[in-house]
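Here is the structure we will look at, set down as structure tokens.
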Amino acid sequence: MVPLLRNAFFTLGLLFLVQVSFSSDLQAFSIAETKIFRQGSYTLKLEIQVSGRGKLRKNPVQLSSLKVKIKNERASSEVLKVKTIRAYQEPKVYKDIETREYSISPGQWVTKYFRLPKGKKPFLSDQGFIEIVFENFTIQFSPRERKFQGPLK
């Protein structure tokens, strides 16, 4: 009787673990993409890492962290100025993530990591994207498509 009861508890425990591991609430995503951009006298390398809850293929996904790493290449002759970083939940609805302007000298790497607080985690729809606004142009990144767009004026 005791081995039978032990096997039943083991089976129920195993079923519970399988159910929890496939629960949609616990699913997360993490993506990282890098690209080199040229705009006017600027050449920059941009790396974006986005993490969040949910499935990227399902609508919407919630961002939990964002890492933006920018290198103003030595080929650039001017200081690169980042004005703001935003998460567009939809094409015209956004949440500011960083609004303090910062500068990047030629040859310098700057990394900004944002662990988003619970009440300020943006949800991105299937048309949502991350936008980095520089002084003279803008670059957008779509996490669902894993594609950059820009530089845009």
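Everything quoted here is computed from the prediction, not taken from an experiment.
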Tell me whether [X] contacts the main-chain N or O of [Y] through its side chain, where contact means a donor paired with an acceptor under 3.5 Å.
X: Ser64; Y: Ser51; result: yes
X: Asn72; Y: Glu78; result: yes
X: Arg86; Y: Glu98; result: no
X: Arg115; Y: Leu66; result: no

Contact summary for [X] and [Y], nearest pair of heavy atoms:
X: Pro60; Y: Phe123; result: CG-CD2, 4.0 Å
X: Ile31; Y: Pro143; result: CD1-O, 3.4 Å
X: Tyr88; Y: Glu131; result: CE1-OE1, 3.2 Å
X: Phe137; Y: Pro151; result: CD1-CB, 3.6 Å

Considering only heavy atoms from C-beta outward, does the side chain of [X] approach that of [Y] to under 4.5 Å?
X: Lys112; Y: Lys67; result: no
X: Val110; Y: Tyr102; result: yes
X: Leu46; Y: Lys35; result: no
X: Trp109; Y: Ile104; result: no
X: Val133; Y: Ile85; result: no
X: Ile48; Y: Glu33; result: no
X: Ile139; Y: Leu152; result: no
X: Tyr94; Y: Thr84; result: no

Taking the six-membered ring for Trp, are the ring centroids of Phe37 and Phe148 within less than 6.0 Å of each other?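 Judged by ring-centre distance (under 6.0 Å), Phe37 and Phe148 do meet the cut-off.
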Phe134 ring centre to Lys81 NZ or CZ under 6.0 Å, with the angle to the axis within 45°?
->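 Ring-cation test returns no.
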Spacing of OG1 belonging to Thr138 relative to CD belonging to Gln149, to within rounding of 0.5 Å
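The CD atom of Gln149 is 11.0 Å from OG1 of Thr138, to the nearest 0.5 Å.
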message: Rounded to the nearest 0.5 Å, what separates atom CD in Glu135 from atom OH in Tyr42?
response: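 One gets 5.5 Å once the value is rounded to the nearest 0.5 Å.
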Between Glu90 and Gln127, is there a side-chain donor-acceptor contact under 3.5 Å, judged purely by atom types and distance?
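No.
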May I ask you to check whether over 12 heavy atoms, not counting those of Lys95, lie within 6.0 Å of atom NZ?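 Result for NZ/Lys95: enclosed.
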Quiz prompt | Pair Arg144-Val61, side chain to side chain contact (heavy atoms under 4.5 Å, CB included): steps then yes or no | solution = CA-CA 9 Å; Arg144 289 183 192 272; Val61 294; 3.9 Å; yes
